[in-house]
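If you're wondering where the values come from, they're calculated on a predicted model, not measured in any experiment.
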Amino acid sequence: MSNQYLDPNLKVFSLNSNFKLAQEIAEAIGVELGKCSVSQFSDGEVQINIEESIRGCDVYVIQSTSQPVNEHLMELLIMIDALKRASAKTINIVMPYYGYARQDRKARAREPITAKLVANLLETAGADRVITLDLHAPQIQGFFDILIDHLMGVPILADYFEAKNLSDLVIVSPDHGGVTRARKLADRLKAPIAIIDKRRPRPNVVEVMNIVGNIEGKTAILIDDIIDTAGTITLAANALVENGAKEVYACCTHPVLSGPAIERIENSKIKELVVTNTIALPDEKRTAKIVELSVASLIGEAIIRVHEEQSVSTLFD
């Protein structure tokens with residue numbers, strides 16, 4: 001490998017959630033992926049075996065808690081335990097997509113706060129640091145008592161749209177909660193913002209109320225962190241076109257794309273959906289409308305900077 005990273009104490013392992021991204025990250029750093037096997041007992045229990053010595057090493061484990069969420073989370077927790085018992089010097093968890101993040105507060109009585117629960121599980125298992133991308137809510141960083149590096153997908157998305165040279169842009173947040181994210185993209189593309197005023201009577205159900213801002217005759221770019229069933233984004237796109245937008249692009253960092261998502265996107269007014277590869281997209285979810293960008297070089301650079309004790313914040317510039 002031409003860009004061989006010379007410190008033998010840096011080890012990168014991948015579990016089952018996104019092996020292709022893990023390979024790209026290892027390549028970006030200049031290391032071989034560590035050898036480990038992840039299998040299951042006949043009753044479904046996860047069995048992990050680390051097949052090389054990692055004593056005294058700084059280990060980075062790449063695992064998104066994407067679908068099947070619980071299986072990938074258990075793989076990660078068991079891997080942390082195995083690394084701890086194998087005398088790893090530090091255990092650094094690289095979670096391109098942090099699952100269970102949408103339950104980050106008690107919105108109603110008697111609800112759990114799963115984003116905090118997952119943070120507790122990772123810490124208790126023995127993780128020393130978490131590197132993640134675009135948490136559903138930035139305050140989730142405060143749920144951790146271990147080190148956390150929170151990377152941003154916006155620069156990658158912004159570079160893509162900048163290269164397209166689209167004219168008369170407006171950046172649209174599909175809800176009030178995403179305004180900060182929309183503002184970051186708007187600042188990079190030097191465009192105004194608009195907001196979709198919506199309400200959510202129950203999970204995965206959305207009603208658009210009205211649009212705040214001028215979108216008439218403009219090319220709209222909708223931005224969100226997660227697109228799950230695509231109800232919000234497709235309703236928003238259709239509402240934008242009905243209210244005079246010239247064309248609509250959409251983008252997100254985490255393409256969960258569950259249930260009717262692909263069908264909804266195909267039948268919507270969205271011209272192109274730009275996503276990153278924090279979650280592995282199976283072939284059946286790859287359509288002509290979906291463009292996938294890689295976060296491998298960003299994460300690879302973050303891992304090198306953490307390992308060499310350099311500033312990570314420069315990656316946001």
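- Residue E45 holds its CD atom at 8.5 Å from CE of M74, rounded to the nearest 0.5 Å.
- Closest approach of H72 to Q63, counting heavy atoms only: O-NE2, 2.9 Å.
- With hydrogens and angles disregarded, no donor-acceptor distance shorter than 3.5 Å links the side chain of E247 to the backbone of T219.
- For the side-chain contact (heavy atoms from CB on, under 4.5 Å) with C251, the qualifying choice from L185, L273, T276 is L185, the only one to do so.
- Between I50 and F13, some side-chain heavy-atom pair lies under the 4.5 Å cut-off.
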Please lay out, stage by stage, how D197 and H176 fare under the test side-chain hydrogen bond (donor to acceptor under 3.5 Å, both in side chains).
CA-CA 7 Å; D197 183 27; H176 293 280; 3.0 Å; yes
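- R129 contributes no side-chain N or O that, together with a main-chain N or O of N92, makes up a donor-acceptor pair within less than 3.5 Å.
- Here the OH atom belonging to Y98 is positioned 8.0 Å from the OG1 atom belonging to T132, to the nearest 0.5 angstrom.
- Residues I290 and V275 have side chains in contact (heavy-atom distance under 4.5 Å, counting atoms from C-beta outward).
- Salt-bridge formation is not detected for the pair R181/D134: no Lys NZ or Arg NE/NH1/NH2 atom is positioned less than 4.0 Å from an Asp or Glu carboxylate oxygen.
- Between the SG atom of C36 and the CD1 atom of I54 there is a distance of 10.5 Å, given to the nearest 0.5 Å.
- Looking at R264, its side chain does come within 3.5 Å of a backbone N or O of T229 through a donor-acceptor pair.
- A donor-acceptor pair under 3.5 Å links the side-chain atoms of N277 to the main chain of V295, judged by distance alone.
- In this structure, A236 and L222 approach most closely via the heavy-atom pair CB-CD2, 3.9 Å.
- Using a 4.0 Å cut-off between charged nitrogen and carboxylate oxygen, K164 and E272 count as a salt-bridge pair.
- In this structure, R305 and S311 approach most closely via the heavy-atom pair NH1-O, 2.9 Å.
- In this structure, the side chain of Q23 does not engage the main chain of K20 through any donor-acceptor pair within 3.5 Å.
- With hydrogens and angles ignored, the 3.5 Å screen pairs a side-chain donor or acceptor of T278 with a backbone N or O of T253.
- When all heavy atoms are compared, the tightest approach of Y97 to S64 is N-OG, 3.1 Å.
- Screening I279, I226, I227 for a side-chain contact (heavy atoms from CB on, under 4.5 Å) with L257, the sole residue that qualifies is I227.
- Put simply, the side chain of E111 gets close to the backbone of A107: a donor and an acceptor are under 3.5 Å apart.
- For S268 (side chain) and T234 (main-chain N/O), no donor-acceptor pair under 3.5 Å exists by modelled atom type.
- The two residues G213 and A194 have their closest heavy-atom pair at CA-CB, 4.2 Å.
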Is there a side-chain hydrogen bond (donor to acceptor under 3.5 Å, both in side chains) between D7 and H307? Walk through the geometry before answering.
CA-CA 10 Å; D7 187 348; H307 187 67; 2.7 Å; yes
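- Contact detail for M95 and V130: the closest heavy-atom pair is SD-CG1, 4.5 Å.
- Taken from NZ in K184 to CE in M152, the straight-line distance is 4.0 Å, to the nearest 0.5 Å.
- Under the side-chain hydrogen bond (donor to acceptor under 3.5 Å, both in side chains) test applied with Y100, the options N70, T65, T114 reduce to a single match, N70.
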Begin from the C-alpha positions of E242 and K269 and carry the test salt bridge (Lys or Arg N to Asp or Glu O under 4.0 Å) through to its verdict.
CA-CA 10 Å; E242 282 161 23; K269 304 284 188 189; over 6 Å; no
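- With hydrogens and angles disregarded, no donor-acceptor distance shorter than 3.5 Å links the side chain of E75 to the backbone of V38.
- Judged by distance alone, with hydrogens and angles left aside, the side-chain atoms of Q141 form a donor-acceptor pair with the main-chain N or O of P138 at under 3.5 Å.
- Looking at heavy atoms from C-beta onward, L166 lies in side-chain contact with L169 at the 4.5 angstrom threshold.
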